[in-house]
Colleague: 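Below you'll find the structure I mean.
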Amino acid sequence: MGQKGKEIVGVNLDELIDRLNKALADEWLAYYQYWIGARVVKGAMRQAVVAELEEHANDELKHAGMIVDRILQLDGKPILKPEDWYKLTNCGYDAPEDSSVKTALEQNIKGEQCAIDVYSKLVDFTKEKDVITYNMVVGILQDEIEHEDDLQTLLEDIEKK
Ligand code: FE
Ligand code: FE
Ligand code: MG
């Protein structure tokens with residue numbers, strides 16, 4: 001990274017990169033959970049649910065890309081092996097074994113709630129110390145809050161039927 005660009009980062013760089021890699025692991029697992037979920041779910045309002053899951057999968061993949069770009073900018077090393085996703089994840093992975101729409105929504109809501117927690121902590125960690133990472137994590141947090149809301153709204157609609 002440019003020397004000056006790194007100098008203005010007021011948090012411990014190793015800790016920041018570790019936290020970003022943990023969030024990167026979460027994003028890949030969330031991506032796959034949505035992506036495979038969109039293909040296997042069955043039940044009420046399937047089409048609406050599939051569309052939402054696919055949209056969220058794309059968002060999680062975009063988040064992963066943003067995080068890797070920032071890690072590289074900080075001269076950090078992003079996760080290179082999928083096996084490290086499981087070692088580093090905060091939020092884990094819930095396989096959509098029971099392919100019901102309702103279970104998949106509940107599993108993904110749980111994942112979003114964990115993501116909201118992770119990114120709020122990253123917002124606190126970088127606030128007034130690393131404006132570039134701060135802006136990025138605020139943007140991701142906004143998306144995760146929207147994801148949780150979209151899924152909860154769908155679940156309520158299904159439960160009202
Ligand atoms: Fe995400
Ligand atoms: Fe999300
Ligand atoms: Mg959505």
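Each ligand, and each atom within it, is numbered from 1 in the order the structure gives. Side chains included, hydrogens not; waters and symmetry mates left out as well; all remaining heavy atoms used.
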Colleague: Is K87 salt-bridged to D84, going by a charged N under 4.0 Å from an acidic O?
Modeller: yes
Colleague: With 2.8 Å as the threshold, which protein atoms of type N, O or S lie near the Mg ion (ligand 3)? Leave waters out.
Modeller: E52 OE2, E55 OE2, H56 NE2, D150 OD2
Colleague: Before giving the answer on side-chain contact (heavy atoms from CB on, under 4.5 Å), spell out for W35 and L53 the whole-Å C-alpha distance, their side-chain angles and the decisive distance to 0.1 Å.
Modeller: CA-CA 7 Å; W35 184 88; L53 299 183; over 6 Å; no
Colleague: Could you walk me through whether L74 and L20 satisfy the side-chain contact (heavy atoms from CB on, under 4.5 Å) test, starting with their C-alpha distance in whole Å, then the side-chain angles of each, then the deciding distance to 0.1 Å, before giving a yes or no?
Modeller: CA-CA 11 Å; L74 294 164; L20 291 176; 4.0 Å; yes
Colleague: Would you say the Fe ion (ligand 1) has D26 as a near neighbour, meaning an N/O/S atom of that residue under 2.8 Å away?
Modeller: no
Colleague: Of all the N, O or S atoms in E144, which one sits nearest to the Fe ion (ligand 1)?
Modeller: OE2
Colleague: From the N, O or S atoms in H63, identify the one nearest to the Fe ion (ligand 1).
Modeller: ND1
Colleague: Is there an N/O/S atom in D143 at a distance below 2.8 Å from the Fe ion (ligand 2)?
Modeller: no
Colleague: In Å and rounded to the nearest 0.5 Å, what is the CD to CG distance from E52 to N108?
Modeller: 10.5 Å
Colleague: Can you tell me if K121 has over 12 outside heavy atoms packed within less than 6.0 Å of its NZ?
Modeller: no
Colleague: Give, rounded to 10 degrees, the angle between OE2 (E60) and ND1 (H147) as seen from the Fe ion (ligand 2).
Modeller: 100°
Colleague: Side-chain donor-acceptor pair under 3.5 Å between D59 and H147, yes or no?
Modeller: yes
Colleague: Heavy-atom count check: over 12 atoms from other residues, nucleotides or ligands less than 6.0 Å from K6 NZ?
Modeller: yes
Colleague: Restricting to side-chain contact (heavy atoms from CB on, under 4.5 Å), what partner residues turn up for N12, sequence neighbours left out?
Modeller: D14, E15
